[in-house]
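For reference, the structure discussed in these notes is given below.
So that the names make sense, note that chain A is the first sequence line, chain B the second, and so on, each numbered from 1.
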There are 2 protein chains.
Amino acid sequence: MLLNPAAEKFVVHWGEMGSRWGINRTVAQVHALLYISPKPLHAEEIATTLKVARSNVSTSLRELQAWGIVKVAHVLGDRRDHFETYTDVWELFQRIMDERKKREMDPTVALLRECLTPESPNSRTRGGQPDTLDDFTRHRLTELLAFFESMNAWYDQVRLIPTGALSAFFRMGHKLRKLLTPGSKPAGKTPTHGARP
Amino acid sequence: MLLNPAAEKFVVHWGEMGSRWGINRTVAQVHALLYISPKPLHAEEIATTLKVARSNVSTSLRELQAWGIVKVAHVLGDRRDHFETYTDVWELFQRIMDERKKREMDPTVALLRECLTPESPNSRTRGGQPDTLDDFTRHRLTELLAFFESMNAWYDQVRLIPTGALSAFFRMGHKLRKLLTPGSKPAGKTPTHGARP
DNA sequence: CGATAATTTCTGTAAAGACTGAAAGGTTCG
DNA sequence: CGAACCTTTCAGTCTTTACAGAAATTATCG
């Protein structure tokens with residue numbers, strides 16, 4: 001398959017974006033290609049289009065399936081596996097967020113809790129400097145944990161919104177103000193942080 | 001400076017998280033260290049604590065300053081530059097989001113617009129296959145653009161909230177339902193996507 | 001205005017990650 | 001059941017990125 005210039009530009013850019021967010025470039029490119037493809041593609045076709053090795057595509061597809069955003073589609077009369085991705089951007093986004101939360105947020109929360117537990121069983125057994133955090137550090141980590149917990153709670157609520165209504169929700173930004181200031185009280189802090197030095 | 005085990009665990013973990021999100025591990029570690037440090041640190045102290053080269057710290061600090069989350073603090077009687085980060089997690093978060101939006105979202109939106117412009121001036125001058133996107137691809141890119149624009153608009157509103165009130169906002173998740181369903185009409189789509197194959 | 005301290009820049013090296021091509025493992029079809 | 005086809009795994013290569021140490025630059029002090 002030969003991509004026209006605009007499509008190619010998009011695929012390349014998406015690969016670039018992926019790598020900036022810790023996603024393998026090829027993985028992102030494969031996903032971009034599937035996203036703009038009118039029909040499911042088989043691995044061979046993806047490989048020739050993106051000009052990468054067949055095996056590389058195989059690995060990337062596997063990765064995308066682990067992320068839950070690509071699935072196999074079989075075509076009658078064709079033995080090969082074909083692949084497609086979700087067409088709904090909001091669903092895609094939600095699935096990616098779910099996965100990143102599970103892989104990165106949850107372990108971080110767990111670690112913060114662990115760091116903040118008052119006393120570990122073996123803290124006295126080993127000599128040297130004190131095992132406990134100083135008050136300042138403890139305070140910082142507590143705040144960080146609270147941050148993640150707020151985010152988690154918020155995200156859990158957002159996840160309850162049907163994907164079909166998500167875009168409406170995010171377009172509703174202008175209602176935020178009323179929601180936040182019931183008595184329309186003026187803001188206590190400066191809304192935007194100052195210019196950088 | 002010698003970190004106690006819990007603090008060290010946090011710093012290491014934060015470095016790991018950073019690299020998963022496309023942030024240099026050392027950069028993230030330096031930031032973690034400054035975040036939990038009760039006082040501004042100079043580069044030498046950071047280097048010995050993290051056991052990395054002085055020059056590496058220099059680069060990392062420069063990077064963190066470019067992100068707008070670390071600033072220089074001078075200590076009376078000490079010629080060396082000292083560094084500190086913001087203590088408010090919400091402000092930190094906002095600054096990072098601002099920067100990532102500027103670096104990654106905005107260019108993506110620009111590219112999508114470019115891909116979707118009806119006709120580029122030189123589209124007829126070069127031979128070969130058609131320069132225009134097929135309808136399906138065009139539709140997908142339009143939806144993607146709409147997604148980014150919704151997100152942008154929403155984020156612009158959130159940014160107007162004073163950082164001091166942000167945590168309250170994100171803790172307000174449970175009010176989402178009422179906001180979304182004024183007449184408490186049932187959702188049109190399934191709220192959560194099914195189990196993966 | 002040297003001398004000393006502090007910081008940054010630069011270059012080579014080391015480590016990590018991505019990718020390829022070949023081989024192995026499964027499937028489907030005649 | 002064997003051949004053709006498709007997919008995955010694996011080992012080695014290549015590319016990219018991160019890093020250390022030296023050299024150069026800048027700032028501060030006597």
Which part of the nucleic acid does A:R80 contact within heavy-atom distance under 4.0 Å: base, sugar-phosphate only, or nothing? sugar-phosphate

Distance in angstrom units between B:L64 CG and C:dT8 P, rounded: 13 Å

Could you tell me whether A:E99 and A:R95 have a side-chain N and a carboxylate O separated by less than 4.0 Å? no

Give one of base, sugar-phosphate or nothing for A:R54, where a contact means two heavy atoms less than 4.0 Å apart. base

For the NE2 atom on B:H139, are there more than 12 heavy atoms of other groups (residues, nucleotides or ligands in this structure) within a distance under 6.0 Å? no

Atom CZ of B:R62 and atom C1' of C:dT9: how far apart are they, to the nearest Å? 9 Å

Nearest whole angstrom, please: distance from the C1' of D:dT8 to the CD1 of A:I46. 15 Å

Would you call the rings of A:W21 and B:W21 parallel, tilted or perpendicular, taking 30° and 60° as the class edges? perpendicular

What nucleotide, of D:dT28, D:dA18, D:dT9, holds the atom closest to the side chain of A:T59? D:dT9

Starting at NE2 of B:H74 and ending at P of C:dA6, how long is that distance when rounded to a whole Å? 13 Å

At under 4.0 Å, does any side-chain N or O of B:R25 touch on OP1 or OP2 of D:dT17? no

What's the CG-P distance between B:D81 and C:dA5, to the nearest Å? 17 Å

Do A:F170 and A:W90 have ring centroids that are under 6.0 Å from one another? yes

Could you check how far CG of B:N24 sits from C1' of D:dA20, rounded to whole Å? 14 Å

Separation of C:dT7 atom C1' from B:H42 atom NE2, nearest Å, is 13 Å

Out of D:dT8, C:dT4, D:dC6, minimum distance to the side chain of B:R79 belongs to C:dT4

Any salt bridge linking B:R140 with B:E143? Criterion: basic side-chain nitrogen under 4.0 Å from a carboxylate oxygen. no

Where each residue is assigned the nucleotide of DNA chain C containing its nearest heavy atom, which of A:I23 and A:S55 is assigned the position nearer the 5′ end? A:I23

How many whole angstroms separate atom CG of B:D78 from atom P of D:dA27? 17 Å

Distance below 4.0 Å between A:N56 side-chain N/O and C:dG21 OP1 or OP2: no

